[in-house]
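Just so it is clear, the model here is predicted, and its values are computed rather than measured. Just so it is clear, the values below take in all heavy atoms, side chains as well, and ignore hydrogens, waters and symmetry mates.
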Amino acid sequence: MEVNQYQIFLVNLDPTIGSEIRKTRPCVVISPNEMNMHLRTIVIAPLTTSSKNYPTRINVKHNKKQGQVVIDQIRTIDKNRIVRKLGELSNKEKKEIKAVIRETFVD
């Protein structure tokens with residue numbers, strides 16, 4: 001299966017421990033395409049419909065629903081956890097995610 005950065009996939013995140021986001025839910029691929037092509041793992045950020053006003057959450061609209069990409073729950077998963085492709089982020093949403101990742105992890 002081809003996996004590209006900023007695509008949204010339904011992903012089975014279980015089993016989890018403690019405060020990790022759990023269950024099967026939409027997730028955004030964060031890892032770059034070169035990694036996605038050559039590794040069996042990808043880096044994802046889960047989506048949630050539970051809205052919190054945190055600086056590490058980005059509002060997105062997916063499947064006619066409002067939700068948030070949860071940058072504070074980024075994780076690496078095996079591609080076997082992917083259930084199916086759901087869509088892709090808009091260009092505006094991609095820019096917002098890049099800015100929040102840079103602010104959170106780089107600067």
Side-chain angles (χ1 to χ4, degrees):
M1 171 188 298
E2 186 176 329
V3 176
N4 291 305
Q5 189 176 40
Y6 303 119
Q7 287 180 323
I8 302 168
F9 288 90
L10 188 63
V11 176
N12 179 358
L13 297 175
D14 290 328
T16 58
I17 297 173
S19 298
E20 297 170 347
I21 286 186
R22 62 189 91 245
K23 73 182 184 177
T24 300
R25 65 175 61 238
C27 295
V28 175
V29 177
I30 302 298
S31 49
N33 290 336
E34 187 159 345
M35 284 176 58
N36 300 336
M37 283 188 328
H38 297 290
L39 299 177
R40 293 187 49 99
T41 57
I42 57 173
V43 180
I44 57 95
L47 275 81
T48 184
T49 55
S50 171
S51 185
K52 304 240 193 239
N53 192 19
Y54 295 160
T56 55
R57 308 273 171 110
I58 297 104
N59 293 320
V60 296
K61 189 168 187 175
H62 167 67
N63 201 20
K64 300 179 184 175
K65 291 182 184 175
Q66 199 63 34
Q68 292 184 318
V69 179
V70 187
I71 298 300
D72 53 281
Q73 288 273 342
I74 287 177
R75 70 176 83 176
T76 302
I77 61 159
D78 190 280
K79 289 178 186 173
N80 286 327
R81 288 184 176 268
I82 294 174
V83 177
R84 69 178 182 276
K85 182 180 172 186
L86 298 175
E88 188 168 338
L89 296 178
S90 70
N91 287 335
K92 181 180 182 244
E93 292 165 340
K94 291 175 191 178
K95 286 180 183 180
E96 288 182 50
I97 284 182
K98 287 179 188 180
V100 171
I101 289 173
R102 191 175 300 112
E103 172 88 18
T104 304
F105 296 107
V106 179
D107 293 340

Go through the steps to decide whether Val70 and Thr56 satisfy the test side chain to side chain contact (heavy atoms under 4.5 Å, CB included), and finish with yes or no. CA-CA 6 Å; Val70 187; Thr56 55; 6.0 Å; no

From CA spacing to verdict: side chain to side chain contact (heavy atoms under 4.5 Å, CB included), Ile71, Phe105: CA-CA 10 Å; Ile71 298 300; Phe105 296 107; 3.8 Å; yes

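Evaluation of the salt bridge (charged side-chain N to carboxylate O under 4.0 Å, His left out) rule for Glu103 yields no partner, not counting sequence neighbours. For Lys92, the salt bridge (charged side-chain N to carboxylate O under 4.0 Å, His left out) partners two or more places apart in sequence, or in a different chain, are Glu96. By the side chain to side chain contact (heavy atoms under 4.5 Å, CB included) test, Met1 is found to be paired with Val3, Phe9, Ile82, residues two or more places apart in sequence or in another chain being considered. Lys61 pairs by the salt bridge (charged side-chain N to carboxylate O under 4.0 Å, His left out) definition with nothing, not counting sequence neighbours. The side chain to side chain contact (heavy atoms under 4.5 Å, CB included) search around Val60 returns Leu47, Ile58, Val69, Leu89, Glu93, not counting sequence neighbours. Checked against side chain to side chain donor-acceptor pair (under 3.5 Å), Lys94 has the following partners two or more places apart in sequence or in another chain: Glu88.
Considering all non-hydrogen atoms of both residues, Ile21 and Gln73 come closest at N-OE1, 3.2 Å. When all heavy atoms of Pro46 and Cys27 are compared, the pair lying nearest together is CA-SG, 3.7 Å.
For the atom pair NE2 of His62 and OG1 of Thr49, the computed distance is 11.5 Å after rounding to the nearest 0.5 Å. The CD atom of Glu20 lies 9.0 Å from the CG atom of Leu13; values are rounded to the nearest 0.5 Å. Atom OG of Ser31 and atom CG of Leu39 lie 8.0 Å apart (nearest 0.5 Å). Between the CD1 atom in Ile30 and the CD1 atom in Ile101 there is a gap of 4.0 Å [rounded to 0.5 Å]. To the nearest 0.5 Å, atom CG of residue Leu10 and atom NZ of residue Lys85 are 14.0 Å apart.
Residue pairs meeting the salt bridge (charged side-chain N to carboxylate O under 4.0 Å, His left out) criterion with at least one member in residues 71-83, sequence neighbours excluded, are Arg57-Asp72. Judged as a side chain to side chain donor-acceptor pair (under 3.5 Å), not a single pair has a partner in residues 37-46 (not counting sequence neighbours). Within the structure, the side chain to side chain donor-acceptor pair (under 3.5 Å) test picks out the following pairs touching residues 2-18 (sequence neighbours left out): Glu2-Asn4, Thr16-Arg22.
Linking Ile, Leu, Val, Met, Phe, Trp and Tyr residues whenever their side-chain heavy atoms come within less than 4.5 Å leaves Val28 and Ile42 in two separate clusters. Criterion: ILVMFWY side-chain heavy atoms under 4.5 Å apart, direct or through other members. Under it, Ile97 and Ile8 are part of a common hydrophobic cluster.
Val106 belongs to no multi-residue hydrophobic cluster, having no ILVMFWY side-chain contact under 4.5 Å with any other such residue.
When the shell of 6.0 Å around CD of Gln66 is examined, it contains more than 12 heavy atoms from other residues, nucleotides or ligands.
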